Amino acid sequence: MTAFSVTLVLVAAAVGLLRWRRPAWYWLTFGVTLAVVRVLARYGSVMDACGLTVPPARWRLALARATNRPLPEARSPRILRLRPTRTGLVLRLKLRPGQDAFDIAAASDRLRHSFSMYGVTSRELRSGVVEVRMTGYDVLKRVQMPGETDTRPMRVPVALRQDGSVHYRDYRAIPHALTLGATESGKSVYQRNLVAGLAPMDVALVGIDCKQGVELFPLARRFSALADDPDTAAEVLDALVVRMERNYQLIRAQQRIAAEVPDAEIAADIWDLPTDLRPVPVVVLVDEVAELALYANKEEEKRRDRIITSLVRLAQLGRAAGIYLEICGQRFGSELGKGITMLRAQLTGRTAHRVNDETSANMAFGDIAPDAVLAAIQIPAEKRGLAIAGDSSGGWHRIRAPHTSLRQAVNICNRHADRTPDMPELAPYRPALSGLADAPLRPAEPSPATA
């Protein structure tokens, strides 16, 4: 009996240590089984305590009275499926008549406490069916991306959401995006993840980094054009506008709008063109947009107006031509001058890392998701990389990108340097690679996940 007690204590201590030091391992070994048992055992009482039950049907009450039987109990939403995942549980519920998906969303915090889970979120799949995602531990404390992701052309996995799912940057669904954040908030790591995810794809990367290129120049072997000062940035953007116009001429020539052509074959953007005619899509990364909008004299003001006009044109018209904008900055408000708010209105995707004031959060979400403003200003300074991501639909998620060192991003870009397309419009702005062309790949030091 003593040996059994000692073994039990050692196992309990090992489980506790595993839960503290490696919560993901604990969840996969012990936590998921305990959570399934806990949810199934408590389900009825928890639904009743959270007010998520409905009275029994009248005919059942009448039948019980007529047969002198006990009255039936209130009915909870029916469990259609319970699926364990690497980070938690996914519960699919069929709502009872009279219930609404908002009822489940409003009770998510009470469900979290009742089922002893770390987080609970819900979304409506279709009328009457709600998916409840539960996380068993803080997945954003130590970000570990799954080994397999649903990667498609122009769709990059860049971060992990609080509910354990992968956050994708899908350029075909959301062509243009804005990323805000204070210094040391994690914007650079987020941008590196984007570049590293795009590098293996058939896409042209254009960088505008007015900090003398210190952020993007190490990745230059994968860039078709790179501007490190506002004057060059203005010329690069003008060249992109020219490319956009040529792409539209190509689409117009290949539209195939004859009466006998099916509607599905009529071209309206580059993705409707045959593969052999389709221009290479372009992703434009602007590292610090304020450097393009500031000016100190009349000449710089003319250059600034030229830059903002080109950005607005690309944001309004570039999607069908396969040109996508990824704009980063610390602030992005009307104080940057005319045309800025017009540009911001075209940036559908919004991501805000830690900001220094509420006004900066309002710049990102005030016009699309007011609820996300409070979440953005509550990001602690010690959690670099934590961000709020939303879009024009009004929905938002708390995300965190895995830590990608500059060396890791450089190695990925060097490995896929042969995919860098030659574009005649941007040839004069191709970064000079003297001293880098023959540089061997260095092994990246194993870096811990975002801490």
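Being a predicted model, the structure only gives us computed values, none of them experimental.
- Once rounded to the nearest 0.5 Å, the distance linking CZ of Phe332 with CD of Glu288 reads 10.5 Å.
- Atom-to-atom distance recorded for Tyr137:OH and Trp27:CH2 is 9.0 Å, nearest 0.5 angstrom.
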Stepwise, does the side-chain contact (heavy atoms from CB on, under 4.5 Å) test hold for Leu314 with Leu237? CA-CA 9 Å; Leu314 291 172; Leu237 291 172; 3.9 Å; yes
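- Contact record, Met201 with Arg155: CE-O, 3.3 Å, taken as the closest heavy-atom pair.
- Lys211 NZ: more than 12 foreign heavy atoms inside a 6.0 Å radius.
- With contacts defined as side-chain heavy-atom distances shorter than 4.5 Å, the pair Ile270/Ile251 qualifies.
- The main-chain N or O of Arg96 is found under 3.5 Å from a side-chain atom of Gln99 such that the two form a donor-acceptor pair.
- Between the side chains of Ser360 and Asp357, a donor-acceptor pair is found at a separation under 3.5 Å.
- When every heavy atom of Met117 is checked against every heavy atom of Ala35, the shortest pair comes out as SD-CB, 4.1 Å.
- Partners of Ala182 by side chain to side chain contact (heavy atoms under 4.5 Å, CB included), not counting sequence neighbours, listed by chain and number: Arg354, Asn356.
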For residues 42-57, please give each side-chain donor-acceptor pair under 3.5 Å, one per line with the distance, not counting sequence neighbours.
residue : atom : partner : partner atom : Å
Arg42   : NH1  : Ser114  : O            : 2.6
Tyr43   : OH   : Pro77   : O            : 2.4
Ser45   : OG   : Arg42   : O            : 3.1

Tell me, with the steps shown, if Val120 and Val132 meet side-chain contact (heavy atoms from CB on, under 4.5 Å). CA-CA 7 Å; Val120 173; Val132 180; 3.6 Å; yes
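- Taken to the nearest 0.5 Å, the CG atom of Leu178 stands 8.0 Å off from the SG atom of Cys328.
- Judged purely by atom type and a 3.5 angstrom limit, Arg350 has no side-chain atom pairing as donor or acceptor with the backbone of Ala389.
- Counting heavy atoms from C-beta on, the side chains of Leu347 and Ile327 come closer than 4.5 Å.
- Val166 and Pro146 get closest at one heavy-atom pair: CG2-CG, 3.5 Å.
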Intermediate values then yes/no, side-chain contact (heavy atoms from CB on, under 4.5 Å), Leu198 and Arg419: CA-CA 10 Å; Leu198 289 168; Arg419 290 184 173 270; over 6 Å; no
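- Proximity of Ile399 to Gln162: side-chain heavy atoms (C-beta onward) are nowhere separated by under 4.5 Å.
- Using a cutoff of 4.0 Å between basic side-chain nitrogens and carboxylate oxygens, Lys383 and Asp138 are scored as salt-bridged.
- Judged purely by atom type and a 3.5 angstrom limit, His176 uses its side chain to pair as donor or acceptor with the backbone of Leu325.
- Side-chain atoms of Arg384 do not come within 3.5 Å of backbone N or O of Ala381 as any donor-acceptor pair.
- Geometric assessment of Arg169 against the ring of Tyr171 yields a positive cation-pi assignment under the 6.0 Å and 45° thresholds.
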- Query: Is there a side-chain contact (heavy atoms from CB on, under 4.5 Å) between Phe365 and Ile388 once you walk through the steps?
  - Reply: CA-CA 9 Å; Phe365 301 114; Ile388 306 298; 3.9 Å; yes
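- Thr121 OG1 to Asp109 CG: the interatomic distance, rounded to the nearest 0.5 Å, is 12.0 Å.
- Atom CZ of residue Arg192 and atom NZ of residue Lys187 lie 11.5 Å apart, to the nearest 0.5 angstrom.
- Distance check, rounded to the nearest 0.5 Å: OG1 of Thr135 to CG of Leu89 gives 9.5 Å.
- The closest side-chain heavy-atom distance from Met423 to Val282 is below 4.5 Å.
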Where do Asn193 and Thr404 land on the side-chain hydrogen bond (donor to acceptor under 3.5 Å, both in side chains) test, with the steps shown first?
CA-CA 7 Å; Asn193 278 278; Thr404 300; 3.1 Å; yes
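- Counting only distance, with no hydrogens or angles, the side chain of Ser108 and the backbone of Ser122 share no donor-acceptor pair below 3.5 Å.
- Here the closest heavy-atom approach between residue Ala352 and residue Ile379 is recorded as O-CD1, 3.9 Å.
- Between Asp287 and Gln191 the shortest side-chain heavy-atom distance falls below 4.5 Å.
- Of the candidates Arg92, Lys94, Arg126, Arg92 is the only one forming a salt bridge (Lys or Arg N to Asp or Glu O under 4.0 Å) with Glu131.
- Exactly one of Val203, Ile323, Val206 qualifies for a side chain to side chain contact (heavy atoms under 4.5 Å, CB included) with Val283. That residue is Val203.
- With hydrogens and angles disregarded, a donor-acceptor distance shorter than 3.5 Å links the side chain of Tyr168 to the backbone of Asp150.
- Each of Leu285, Leu406, Asp209 was scored for a side chain to side chain contact (heavy atoms under 4.5 Å, CB included) with Glu215, with one residue passing: Asp209.
- Ser165 is listed as a side-chain neighbour of Arg133, based on a closest heavy-atom distance under 4.5 Å.
- With hydrogens and angles ignored, the 3.5 Å screen pairs no side-chain donor or acceptor of Tyr190 with any backbone N or O of Val158.
- Atom CZ of Arg161 has more than 12 neighbouring heavy atoms from other residues, nucleotides or ligands inside a 6.0 Å radius.
- In terms of heavy atoms, Thr420 sits closest to Ser224 at CG2-OG, 3.6 Å.
- In this structure, Gln316 contributes its side chain and Arg313 its backbone to no donor-acceptor pair below 3.5 Å.
- In terms of the side chain to side chain contact (heavy atoms under 4.5 Å, CB included) criterion, residue partners of Arg172 (sequence neighbours excluded) are, by chain and number, Met154, Asp170, Trp271, Tyr324.
- Looking at Arg278, its side chain does come within 3.5 Å of a backbone N or O of Leu273 through a donor-acceptor pair.
- Contact between His353 and Gly181 at its shortest, heavy atoms only, is CB-CA, 4.0 Å.
- By the 4.5 Å heavy-atom criterion applied to side chains, Arg415 and Pro200 are not counted as neighbours.
- When atom types are taken as modelled, the side chain of Trp396 and the backbone of Val373 share no donor-acceptor pair closer than 3.5 angstrom.
- For the pair Arg123/Leu125, a side-chain contact is recorded, criterion being any heavy-atom separation below 4.5 Å from C-beta on.
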